[in-house]
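See structure below.
Below, chain A is the first sequence line, B the second, and so on; all start at residue 1. These figures come from a predicted structure and were not determined experimentally.
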Amino acid sequence: MSASFLQPPILSFTEKATSISEVHQAHAHLLKTGLIHHPSVARRLLFSAANTTTTTYAHAIFTRLQDPNTNVYNAMIRAYANSPTPQNAITVYTQMMNDCVVPDKYTFTSALKGCSRIRGVEEGKQVHAHVVKIGIGSDLIVGNTLVHLYAKCGYFEVAREVLDRMPQRDVISWNAILSAYVNVGLVELARGVFDEMPERNLESWNFMISGYVAVGLVEEARGVFDEMPVKDVVSWNVMITGYSQASGFGDVLVLFEEMQNANVKPDSCTLVSVLSACARLGALSQGEWVRALVKKNRIDDANGFLATALVDMYSKCGCIEKALEIFQNAFKKDVSTWNSMISGLSIHGFGEQALEIFNEMLTDGVEPNEITFINVLSACSHAGLLKEGREVFDLMIRVHRIQPSVKHYGCMVDLLGRFGLLEEAEELVKSMPMKEASVVWESLLGACRNHGNVEKAERIAGKLLELAPEDSSGYVQLSNIHASMGRWNDVNEVRTKMKTRGVSKQPGCSMIEVDGIVHEFFSLGSSAFLNSVNEWEG
DNA sequence: ATAGGGTTAG
């Protein structure tokens, strides 16, 4: 029936309402006119309210309906099943059963979805029993929801049994098991299902690639990727992410180029990964090229990830002014965007500016996280801002209730050490609750050596050896100290200890772009002594 | 009027 001719405009408005405020408006009007007292009108209001993002309003209307029917219950269960509190879907379902309202296939799919989302197998089994009792078990969609439930809860044998008993299956039935295997890292079993499936869709292939990527099997992922008949943007993104996670940043750029040759339009997710690779490689020109692409194609950056990646890329490629420009023009900034700007300024030695940005962040009402404080403290340390660093450390603990981690302590020890406040630094290190803190001790040791406090340095180096006997730094540091005092017997002793324990110094590796070409180089340590350590090994 | 797959990222 053509609603607009037969009913007052308020009713069609009620039906079309999609936002909370529209539902609210409709509600107010229905109350004023008394139309709300018609059960069918109240139900329509509930259907609209159940389609909004919040469930509280829908629930309020729901509780006032005097005679809720199947459709009303379905709407409420569905709303909760998709909400952040899916447990409530089961509560409403139970209430429905107690009220003896007869369920249908829509009731079951929503209730089972609620069970899946809280991983409630026991609840799911109850619903499953009802499904069988009502005789709706042969429905394809209900069956798929059941397979999904059991697979997601790790009941793979049950999931498989349900699937095998279904009178008909489709690709979604198989994907439910495939994706569940992938999500718990059982990639071999996923592969078995993948090979067995009578049909596959794009998602099946994408699941399989992401399964390999998740366990670090990039080559296997690439094999599946190359085999797939049609790729979408997700396929490319998953593969690019795989290379990125395996630190194959060069491969990221190569694959991105192939993607464009294949005429697949990148989305913000692609470009975030590519920019991150550019940042890691120091590949400025490619990064700038991506920025132009973002502008030209007006790529959507609703969550601000792209802005963050651009700030990071420019910072790491040495262009702090451009990073600032991106930051200031960013349409949306979240905590990571701020973090990445603070980190960039810190890296470039602009401690005061980093603090300014941090304060701006607080004024803007953005809640800083533990990364923020690592970046701010590191900025203070690099720039030698002692008073500010102490204040920030205190602010982090007292106001923002963040427990300092090893990295936070490390920054503070660096900062105190820089000013020769060795006693205070040592007290701070001793106050640390965590055990795996050799990095912090190392930092303190460096400070002691810089300030010529050899006795303290020696004591701490010994401590370092106890804490991390498999790490080269304690040995190297201790040898350095002995050598600086001309105690060659002690140097020899440390050297032997290091050798017998099979400890070796790992060379560092860096990359930089020169004239559009990315170069890789290894560091063998900054001091002549480190080189001599390497000679011993040879 | 309503239903089934959490694919990717700073």
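- Between the side chain of A/Ser48 and the backbone N or O of A/Thr14 there is at least one donor-acceptor pair closer than 3.5 Å.
- Considering only side-chain atoms of A/Thr241, the nucleotide from B/dT7, B/dA9, B/dG10 that sits closest is B/dA9.
- Here the C1' atom of nucleotide B/dT2 and the CG atom of A/Asn51 are 8 Å apart, to the nearest Å.
- Taking only side-chain atoms of A/Ile141, from C-beta outward, the nucleotide of B/dA3, B/dG5, B/dT8 with the closest atom is B/dA3.
- Using a 4.0 Å heavy-atom distance criterion, A/Asn201 is classed as a base contact.
- Among A/Tyr212, A/Trp236, A/Trp205, the single residue meeting the ring-ring contact (aromatic ring centres under 6.0 Å, His included) criterion with A/Phe225 is A/Trp236.
- Checking B/dG10, B/dG5, B/dA3 against the side-chain heavy atoms of A/Arg78 singles out B/dA3 as nearest.
- Taking atom CG of A/Asn206 as the reference point, atom P of B/dT7 lies 11 Å away to the nearest angstrom.
- Stacking between A/Phe305 and B/dG10 is shown: the ring centroid lies under 5.5 Å from the centre of the six-membered base ring, and the planes differ by under 30°.
- As a whole-Å value, the separation of A/Asp334 CG from B/dG10 P is 12 Å.
- The phosphate of B/dT8 (OP1 or OP2) has no side-chain N or O of A/Gln245 nearer than 4.0 angstrom.
- Closest to the side chain of A/Asp104, from the set B/dT2, B/dA9, B/dG5, is B/dT2.
- Remark: A/Ser235 is not in phosphate contact with B/dT7, judged by side-chain N or O atoms under 4.0 Å from OP1 or OP2.
- A/Ser336 comes within 4.0 angstrom of a base, heavy atoms only.
- Evaluation of the side chain to side chain donor-acceptor pair (under 3.5 Å) rule for A/Asn263 yields no partner, not counting sequence neighbours.
- Distance, A/Lys113 NZ to B/dA3 P: 9 Å, rounded to whole Å.
- Side-chain contact of A/Asn237 with A/Asp267: a donor-acceptor pair under 3.5 Å is present, judged by distance alone.
- Checking B/dT7, B/dG10, B/dG6 against the side-chain heavy atoms of A/Val234 singles out B/dT7 as nearest.
- Here B/dG10 presents its P atom at 18 Å from CD1 of A/Ile326, a figure rounded to the nearest Å.
- With B/dG10, B/dT8, B/dA3 as the choices, the nucleotide that has an atom nearest any side-chain atom of A/Lys105 turns out to be B/dA3.
- For A/Gln403, the CD atom sits in a loose shell: 12 or fewer heavy atoms of surrounding residues, nucleotides or ligands are nearer than 6.0 Å.
- For a distance-only test at 3.5 Å, the side chain of A/Asn339 fails to qualify as a donor-acceptor partner of the base of B/dG10.
- Contact annotation for A/Thr337: base contact, defined as any heavy-atom pair under 4.0 Å involving a base atom.
- A/Phe62 and A/Tyr73 have their aromatic ring centers within a separation under 6.0 angstrom.
- Listed candidates were B/dT8, B/dA3, B/dA9. Nearest to the side chain of A/Asn237 is B/dT8.
- The side chain of A/Phe207 lies closest to B/dT7, out of B/dG6, B/dT7, B/dA3.
- Going from atom NE2 of A/His148 over to atom P of B/dT7 covers 10 Å, rounded to whole Å.
- In this pair, A/Tyr155 and A/Tyr150 present their aromatic rings tilted. The plane angle is within the 30 to 60° band.
- Among the heavy atoms of the strands, none lies under 4.0 Å from A/Gly211.
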Applying side chain to side chain contact (heavy atoms under 4.5 Å, CB included) to A/Arg280 and A/Val252, what does each step give before you reach the verdict? CA-CA 11 Å; A/Arg280 297 291 296 265; A/Val252 168; over 6 Å; no

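- Checked by distance alone, A/Asn303 brings a side-chain donor or acceptor within 3.5 Å of a matching partner on the base of B/dA9.
- Following rounding to the nearest Å, A/Asp170 (CG) and B/dG5 (C1') show an atom-to-atom distance of 10 Å.
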Determine which bases of DNA chain B form Watson-Crick or G-U wobble pairs with both distances under 3.5 Å, and write the result as a 5' to 3' dot-bracket string with | for other-strand partners. ..........

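- Residue A/Ser273 is in sugar-phosphate contact alone, with no base atom involved, counting any heavy-atom pair closer than 4.0 Å across all strands shown.
- Look at CZ on A/Phe225: it is 16 Å from P on B/dT8, rounded to the nearest Å.
- Partner of A/Asn339 under the side-chain hydrogen bond (donor to acceptor under 3.5 Å, both in side chains) criterion, out of A/Thr372, A/Asp312, A/Asn375, A/Thr308: A/Thr372 alone.
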